[in-house]
K.L.:
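Can you read through this structure? Questions will come right after.
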Amino acid sequence: METLEQIKARLEAALPSAKIEVLANECAAGERSLLVDAASGFTVAKFLRDDAQLKLDYCSNVTGVDWPDKELTEKIKVKQVVDGVEKEVEEVKKNIRPGYLEVVYHLYSMGLKHGPVVLRLRTENRADKTHLPSLTPLWRGAEFQEREVYDLYGVIFYGHPDLRRILMWDEFVGFPMRRDYIAPDDFEYEPTPHDEVLVEAKKHYPAEPKAEVKP
Amino acid sequence: MFDQLDQIFVNALHWLVGFVPEVLRPLVTPLICISFILMVFPAFFSIITIFERKGIGRIQNRYGPNRVGIPFTKIRLAGFGQFLPDGLKMLTKEDIVPRAADKLVHFLAPVVMLIPVLLSYSVLPFGKNMTLADYDAGLLFFFAVGGAVEIAVFMAGWSSRNKYSLLGAMRAIAQMVSYEIPLILSAVSVVMIVGSLKLTDIIAHQNHYTFGIAHWHVFTPWGFIGFVLFFIASLAESNRTPFDLPEAESEIIAGYFTEYSGFKFALFFLGEYLGMFAIIGLGITLFLGGWTAPFSFLAWIPSWIWFFGKLTAIIFVFIWIRATLPRLRMDQLMNFAWKFMLPLALINILVAGIWHYMAADWQRWLVCGALIAGAYVLLGRGLMQNQKLGKRIYRYAE
Amino acid sequence: MLGEQIIKGMAVTARNFFGSYFSKNRLTTVQYPEERLPQKGNTRQFPFLVYDGDDAEKGLRCVACQICEKECPPKCIYIVKSKDKKPDYKGQPQIYPLTFDIDISVCMSCQICVEVCPFESIKMNTEFELSTADRFGDLLLTKEKLAKPNSYYQKIHPADAAESDAVIAAEKAKAEAKAKAAAEAKVKADAEAKAKAAAAAAAAPIAPPPANPPTTT
Amino acid sequence: MNALATPPKNFEVKPKLAANGEELGELLEVSMGPHHPSTHGVFRMDVVLDGEKVVKLKPVFGYLHRNHEKIGENISYLANMPYTDRLDYFCSMTNNWAYALTIEKLAGLVVPERAEYIRAIMAELTRLQNHTCLIGFFVQDMGALGTPMMYAFREREKILDLFEEVSGARMMCNYMRFGGVRVDVNDEWIAKTKKVVADYSKFLDEFGTFLTENEIVLARTQFVGVLPKDLAINASITGPMLRAAGVNYDLRKVDKYGIYSRFNFQVPVGEHGDIYDRYMIRVLEMRESIKILEQALRDIPVGPVMDPKAKLRGFRPKAGEVYGRVEAPKGELGFYVISDGSPNPYRYRVRPPSFINLTILEDMCLGHNISDAVVILGSVDIVLGEVDR
């Protein structure tokens, strides 16, 4: 299979409007990924699927990743004149990287038996602009997985034929897989030795202090 | 002495009736007979359920029930005491009626199920001289009351207000109506040969021997295929695998008795099994010589032992089939009834006619046998090949 | 011919019917309370704590390092450390668990606690008849209920117990040798210069320290 | 966040009409499950019936949802291993393997050769018992009163005994570790396994005579629930279902993970993509598994079973992300892990094969009888522990 750089070059040639970036991966396996901007996500995916050399006809895995706002600390070496002598002083600069939600697609080719090409799409932020194009029209296999990402992360896929909650019930509020999700604490009484849960749960009990089952 | 044993129940009846004034005898005789039926067959049912559970267990390589014996002792009786707790459980369970159900019909359905089934026993000959009501049109009576079961099934399915029940009831009606036709047509061939609808006449026709072998109808080509048809149709009539669609557990939970529990469920259960016994009893009477012995040298064994022996044997085949086969689909069930069983039953009537009018030598065996076998093979092949069904050969990649 | 394969299938069930009376290979069911299968190799049920010697309180190997509590996937272990110390099997003063509870209604018998334990003190039991009417009391196993002698462990898992005994013995020997060396060094140190004593002390750490080191030393 | 909880209205689907546009009769809406005898657990299908014909079918999940992925993100890499057992509780060994393989890829651990052989043996035994159970269940869904299922369980028992002897548990094995397997097998166990494997083809023969060509089974399964090849690929179907549709894609051949390149085995491929093909492909795959097992048990070398670099306590892989996949009996089981260098994974994702294989359930069931819907579901081979996670 071609390297990601080659794919990127061909993509940029074919789709000039797309902003594509190759993300590094430091781990042992080193599977790098293509980051594509949300607007051209669909066309890029279509290219990857239909291209004769790639033919990525099999979308194996679709998943969301939550990247909350992160405080990045940067150490910048600044030249300063201290006591008349020019010195390099390290200065810690703090800036907040805005959070975003990310959807990762693992694409393989069944015909040519190669892969994976990892495709990433990012939302603008985590609160109100969580829209991404749905790739379900390209790969039916993404249907339930995108619903799952919607359900657990709150990414809204436009163009999805049937975007409903899938694992949680329809009335559920919140997105449980987000990093800042706070689990409910109204569990039934369980005599586990870990009492924090119990203490939290007890708030929800009725007046009867030793009720074993929530009414 | 064996004659005494054979007639022991008949003599006992006469002896009992002897205590009653002459005027009341026509009233008391049937009452005693009815109570006999009401005692014997439910008891037989309870034993058979244990046999069924144990038999299916063994077929499935398990033990089946083998714990419960005589209560309060350590005697286990190999599990044959199981029917007692089973029955008690059924009787004491809560009787649940769905809120939306039509309560009267819901209540009546099991009763309506049981009564015609019990009525059909009145014409069955359980042994020599052991028929409660030996009507001239006994066969017709049997089929007529048997038809009433369908109403009960539909009542149950309709009144429960459950979608599964309704589906089950619909299936049951369609199935029972369809399979009654081959059932009756296969019986028609017997009626043609015997020339009587009276069940005792049918048995008398089979109760003589050549070279020590009985003249059962099943030993003739038309009788054999008639018996096979009757057997399959009776499987369907009693809702047994592979025709258990009305109560298909894996599809529609329990079909028309999904919403029944406790005693009402027990009545359904009882009715279903008694219906099965009755229809097998009829099959025995029509094709297997009723209470007669297969070989003349065995004729000394009491007739009622023969009847119950044959009944048990056929029930075991039913159980065996139940433990082996998967179930058909609704359209396949209908196809089978109308495209296979019905033509074969009609051909069988033709063959029975040929058999009747040809001279009694080897030629009629040949002609009738060839006709039947040919029809069977052709119809069977048509049924399978219409849908291009068959064995497949698989390829391996690389 | 129609029905041919059905008859073949029925022959198979008939063979199984009769086979179940003769062949143990077919009828695999065991009549449980009367008849029991022998225990299989590494069977595991719920954890227990091993103690050496006869006194459960004294010989308990657990040093309340809380690694198992941290690693336990369903978090069913609850440990309260002691304030004081008592000598362990190596003779060194160690803290011990004041409370060691395992809620076996939560425990999923995964054996992670056994694997991460650096002190060979928690092992898997093979006892499985634990059903009880009291879900809240009887299924919360306390230290007293959990503690089992080493001889019990040797009985249920002989091979593993031998291995763990070997580890313990090796550590003990190492500790003793070290103690001896330390004693000798002390004698020497009295005579010789201070530098050598410092060198002996530098060899202090025994056994590779666990990744999450015990919170007190 | 509340505003996002409900999807925009225009995403709602309209109920489908009959494919040929014919006027449908009065429709009956049946909610099959979550407590239905043949939904293989707590699966639910919202079925709309026209008579008995399925005109709409929507799978509903989540009754067994426990947020496995969130649990995995809150505990250490090692502590998550027993939880993977509970995904597809029939095949804990392959689940373990997939997870271990992923983390090994992430941390660059090397598995010793003996451990690789043991893993392959365990995985193939798992495949045997999973497929055995499946064919049993699936014939039971057709109404065969449990007899095939009991035969299947009888054979499965022998394999579970082998698992118990090595790993200590019958189903929740928790056997593999990053960089090897937990305990070594002994020669006695290998001899026992050889015997079980040698006897297994006898069972397959018996089962074959029992049901494979049975007229009722043929009538119920052939040309029912057909899955076209293109749709199968597009809908990311994997495992025996995909191969039954005629696609030659077996990860054991494609990725050659572990030591599968050393074994001589073939991949059976179906032609019609109907239920019968799915059933037969599984039977044939079992025969191939027996071949692999025979080779593996013959060639297994001696040596260590754990990578000496691997450590149990305080395992912190370098930051990065990895996707590892194996051919689990039900299809491609993948794990996607993002590490941020801490003891817990930053993101832990399971690609459950049976969940994704359910995507085309409606397509296969439309126009068929409700009895077929049940059998089609059975032939997909789902386990709710994995579907709902």
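Each chain gets a letter, A, B and so on, in the order its sequence line appears, and its residues count up from 1.
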K.L.:
Please classify the contact between A/Val62 and chain D as side chain, backbone, both or neither, with a heavy-atom cut-off of under 4.5 Å.
P.N.:
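For A/Val62, the backbone is the part near chain D, not the side chain.
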K.L.:
Select, from A/Glu171, A/Glu148, A/Arg32, A/Arg49, the one with the greatest count of heavy-atom pairs under 4.5 Å involving chain D.
P.N.:
A/Glu148
K.L.:
How are the rings of A/Phe172 and A/Tyr181 set to each other: parallel, tilted or perpendicular (split at 30° and 60°)?
P.N.:
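It falls in the tilted class, 30° to 60°.
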K.L.:
Looking at D/Pro352, D/Ser236, D/Gly320, which has the largest count of heavy-atom pairs under 4.5 Å with chain A?
P.N.:
D/Ser236
K.L.:
When you look at D/Met45 and D/Glu362, which way does the side-chain contact (heavy atoms from CB on, under 4.5 Å) test go after all the steps?
P.N.:
CA-CA 10 Å; D/Met45 299 184 275; D/Glu362 185 177 13; over 6 Å; no
K.L.:
Given the options A/Gln145, A/Met177, A/Glu31, A/Glu143, which has more heavy-atom pairs under 4.5 Å with chain D than any of the others?
P.N.:
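Among A/Gln145, A/Met177, A/Glu31, A/Glu143, the one with the most close pairs to chain D is A/Met177.
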K.L.:
Under 4.5 Å heavy-atom distance to chain A, tell me which part of D/Thr238 shows up: side chain, backbone, both or neither.
P.N.:
side chain
K.L.:
Of all the heavy-atom pairs spanning A/Leu54 and A/Leu112, show the shortest one and how long it is.
P.N.:
O-CD1, 3.7 Å
K.L.:
Identify which part of D/Asn234 has an atom lying under 4.5 Å from any heavy atom of chain A, answering side chain, backbone, both or neither.
P.N.:
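Both parts, backbone and side chain.
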K.L.:
Apply the ring pair (Phe, Tyr, Trp, His ring centres under 6.0 Å) test between D/Tyr99 and each candidate in D/Tyr83, D/Tyr77, D/Tyr348; give the one that qualifies.
P.N.:
D/Tyr348
K.L.:
Under 4.5 Å heavy-atom distance to chain D, tell me which part of A/Leu152 shows up: side chain, backbone, both or neither.
P.N.:
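Looking at A/Leu152, just its side chain touches chain D.
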K.L.:
Near A/Lys55 NZ, under 6.0 Å, is it more than 12 heavy atoms from other residues, nucleotides or ligands?
P.N.:
no
K.L.:
Counting neighbours of CD on A/Gln6 that are heavy atoms of other residues, nucleotides or ligands and sit closer than 6.0 Å, is the number greater than 12?
P.N.:
yes
K.L.:
Which residue out of A/Tyr58, A/Trp169, A/Trp139 racks up the most heavy-atom pairs below 4.5 Å with chain D?
P.N.:
A/Tyr58
K.L.:
Which of parallel (below 30°), tilted (30 to 60°) and perpendicular (above 60°) describes D/Tyr260 and D/Tyr257?
P.N.:
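Plane angle over 60°, so perpendicular.
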K.L.:
Where on D/Glu321 is there a heavy atom nearer than 4.5 Å to chain A: the side chain, the backbone, both, or neither?
P.N.:
both
K.L.:
For D/Ala98, does its backbone N or O pair with a side-chain atom of D/Thr102 as donor and acceptor, under 3.5 Å?
P.N.:
yes
K.L.:
Which atoms of A/Ser134 are under 4.5 Å from chain D, going by heavy atoms: the side chain, the backbone, both sets, or neither?
P.N.:
neither
K.L.:
Under the criterion side-chain contact (heavy atoms from CB on, under 4.5 Å), I'd like the reasoning laid out for D/Phe355 against D/Val350: C-alpha separation, chi angles, the key distance, then a yes or no.
P.N.:
CA-CA 10 Å; D/Phe355 174 66; D/Val350 188; over 6 Å; no
K.L.:
Measure distances from A/Asn25 to the heavy atoms of chain D and classify the residue's part below 4.5 Å as side chain, backbone, both or neither.
P.N.:
side chain
K.L.:
With a 4.5 angstrom heavy-atom cut-off, which part of D/Leu231 approaches chain A: side chain, backbone, both or neither?
P.N.:
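For D/Leu231, side-chain heavy atoms alone lie under 4.5 Å from chain A.
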K.L.:
Which region of A/Asp151, side chain (C-beta onward) or backbone (N, CA, C, O), has a non-hydrogen atom less than 4.5 Å from a non-hydrogen atom of chain D, or is it both or neither?
P.N.:
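For A/Asp151, there is no contact with chain D at all, as no heavy atom is under 4.5 Å.
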K.L.:
Could you report the tightest heavy-atom contact between D/Val267 and D/Arg243, atom names first, then the distance?
P.N.:
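The answer is CG1-CD, 3.3 Å.
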K.L.:
Quick check on the interface: out of D/Val322, D/Val254, D/Leu106, who has the most heavy-atom pairs with chain A under 4.5 Å?
P.N.:
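With the most close heavy-atom pairs to chain A, the winner is D/Leu106.
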K.L.:
Under 4.5 Å from any heavy atom of chain A, what part of D/Ile356 do you find: side chain, backbone, both or neither?
P.N.:
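The answer is the side chain of D/Ile356.
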K.L.:
Considering only heavy atoms and a distance below 4.5 Å, find which of D/Leu109, D/Asp255, D/Val387, D/Leu242 pairs most often with chain A.
P.N.:
D/Leu242
